[in-house]
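Read the numbers this way: they start at 1 and go in the same order the structure lists the ligands and their atoms.
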Amino acid sequence: MILTVTLNPSIDVSYPLDHLKIDTVNRVKTVRKTAGGKGLNVSRVIHLLDHDITATGFIGGYFGKWLENQLDHDGIAHNFFPIDAETRSSIAVLHDGGKQTEILEAGPTIAPEDASAFLDHFDKLLDQTDLLTISGSMPQGLPEDYYTQMIAHAGAKNVKVLLDTSGATLKSALEAPVKPLLIKPNEEELAGLLNRSVDKTDYATLKQALTDPIFDGVDWIVVSLGSAGAFVKHQDKFYHAAIPKIQVVNPVGSGDSTLAGLAIGIHDGKSDEDIMKTAMTTGMLNTMEAETGFVNPAKFAEYFAKVTIETY
Ligand code: ATP
């Protein structure tokens, strides 16, 4: 099975408003609440595309129970590690014709004994896992190299790891002896890692950036480029995945949906071309839906056929 890690899950609340008024009351008629956190977006898309997935991470309190009930309702298997502190919620106000104002809680602080007990829980799950995805930032209280420790545990059991994170946690993972199989940095993250700006519209520069020794030992590097698709390195091969022009409804979560597509393609042992086409399709299908981290599988074949891969 595929195991997805969301260490800091969240109840994502979205409030649509014609106009956001400051320093007064705003009343909302429709409220949408979903099981969120980047890893749970990944989980939902993998599940919608009919693959076995189990979601794990830390969960706590009544909000945590609500989140688990929501996953049960969606038919998504989960095996979270329980903590005493309450799981967070995140609010997105969608207002004034396309603006999005977010209020994000930091979430619980993980106690050292929970951090260490989670690794035992995780080890047991790894025994049934072929491929692991790790997404998002970490909750407070965990050491910077916590993902790196998890990648080492996965490596010891020959589990492939797809890592989608940024900053010091990503840097730590790249410096460790056991590397993730795949990373998915965006332009900003690349610039942060390389200490220089990277122009994502210039593929020659991108190609050069991805050959930096900092990435040695990482098989796949996927730089997603929004409507321009993605620039990809697999071992010593470089590709540009181009996508058709589509009607975008809500692009939030398309990076997570891309990771879900990469996980499915790699898990199923597809060719490079089909792995990238799957990932571009799941990314596009997510942008075509109002719900975050959601795809309509009925449209998969049509959009898969429209992705083109060029070696670079
Ligand atoms: P996130 O902030 O969600 O993590 P990201 O920066 O990782 O996003 P993007 O590059 O914005 O991810 O999008 C991922 C994929 O989703 C793209 O490679 C593409 O397949 C699809 N996508 C995103 N935006 C668009 C768009 N405007 N038109 C078509 N496809 C899109």
Side-chain angles (χ1 to χ4, degrees), residues 4-6 8 10 12 14 34 36-46 48-49 90 92 94 98 100 102 104 133-137 162-167 169-170 180 182-193 198-201 203 206 210 220-234 239-265 272-296 299-300 302-310 312:
T4 63
V5 170
T6 318
N8 201 7
S10 141
D12 286 350
S14 105
T34 48
K38 288 169 73 65
L40 290 183
N41 294 336
V42 176
S43 311
R44 200 174 309 111
V45 173
I46 295 175
L48 285 165
L49 292 172
S90 308
L94 314 171
Q100 178 156 336
E102 298 188 16
L104 307 178
T133 70
I134 303 178
S135 306
S137 54
L162 278 51
L163 176 68
D164 185 10
T165 190
S166 57
T169 46
L170 175 57
L182 178 147
I183 58 170
K184 201 184 77 56
N186 60 26
E187 184 184 22
E188 215 175 284
E189 286 150 10
L190 270 183
L193 285 169
V198 178
D199 175 4
K200 68 176 184 181
T201 62
Y203 299 153
L206 265 181
L210 300 191
W220 285 89
I221 309 172
V222 178
V223 184
S224 64
L225 306 168
S227 60
F231 191 80
V232 181
K233 175 177 189 276
H234 180 213
Y239 304 95
H240 175 237
I243 56 178
K245 216 173 177 40
I246 54 170
Q247 193 69 42
V248 174
V249 177
N250 171 18
V252 181
S254 44
D256 303 331
S257 304
T258 301
L259 192 74
L262 291 165
I264 289 171
D272 285 8
E273 185 158 323
D274 282 359
I275 290 169
M276 290 181 277
K277 284 187 175 182
T278 304
M280 291 302 98
T281 307
T282 47
M284 279 190 286
L285 294 186
N286 175 74
T287 68
M288 296 162 75
E289 304 290 330
E291 201 178 320
T292 297
F294 186 85
V295 297
N296 178 354
K299 293 183 180 163
F300 187 90
E302 181 191 346
Y303 285 88
F304 183 93
K306 292 180 179 171
V307 182
T308 52
I309 309 291
E310 215 183 297
Y312 204 84

Considering non-hydrogen atoms of the protein only, which is the closest contact for [atom], and what is the distance?
{"atom": "atom 13 (O) of ligand 1", "value": "S254 OG, 3.5 Å"}
{"atom": "atom 7 (O) of ligand 1", "value": "K184 NZ, 2.7 Å"}
{"atom": "atom 3 (O) of ligand 1", "value": "G255 N, 3.1 Å"}
{"atom": "atom 27 (N) of ligand 1", "value": "V248 CG2, 3.4 Å"}
{"atom": "atom 20 (O) of ligand 1", "value": "M280 O, 3.4 Å"}
{"atom": "atom 4 (O) of ligand 1", "value": "K38 NZ, 3.4 Å"}
{"atom": "atom 14 (C) of ligand 1", "value": "T258 OG1, 3.3 Å"}
{"atom": "atom 21 (C) of ligand 1", "value": "G283 C, 3.6 Å"}

Look only at the side chain of [X] and the backbone of [Y], and say whether a donor-acceptor pair between them is shorter than 3.5 Å.
{"X": "S135", "Y": "D164", "answer": "no"}
{"X": "D256", "Y": "N41", "answer": "no"}
{"X": "T282", "Y": "S257", "answer": "yes"}
{"X": "H240", "Y": "A228", "answer": "yes"}
{"X": "R44", "Y": "F294", "answer": "no"}

[X] to ligand 1: N or O pair under 3.5 Å?
{"X": "T287", "answer": "no"}
{"X": "G229", "answer": "yes"}
{"X": "A279", "answer": "no"}

K299 NZ/CZ over Y303 ring centroid, <6.0 Å and within 45° of normal: no
For ligand 1, the portion of K245 having any non-hydrogen atom under 4.0 Å away: neither
Residue part near ligand 1, for I243, under 4.0 Å between non-hydrogen atoms: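 Only the side chain of I243 comes within reach of ligand 1.
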Per-atom contacts, ligand 1 versus M284 - under 4.0 Å to a heavy atom: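 Result: 20 (O), 21 (C), 30 (N).
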Those atoms of ligand 1 less than 4.0 Å from some heavy atom in I246: 28 (N), 29 (C), 30 (N)
Verdict with supporting geometry, S10 and S90, side-chain hydrogen bond (donor to acceptor under 3.5 Å, both in side chains): CA-CA 6 Å; S10 141; S90 308; 2.8 Å; yes
Side-chain H-bond candidate by donor/acceptor type, T258 with S224, under 3.5 Å: no
Y312 and Y203 aromatic ring geometry - parallel, tilted or perpendicular at 30°/60° bounds: perpendicular
For I275, the option from V222, L262, L182 that meets side-chain contact (heavy atoms from CB on, under 4.5 Å):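 It is L262; the other options fail the test.
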Selected option - heavy-atom contact closest to atom 25 (C) of ligand 1, from S224, G226, P244, S135: G226
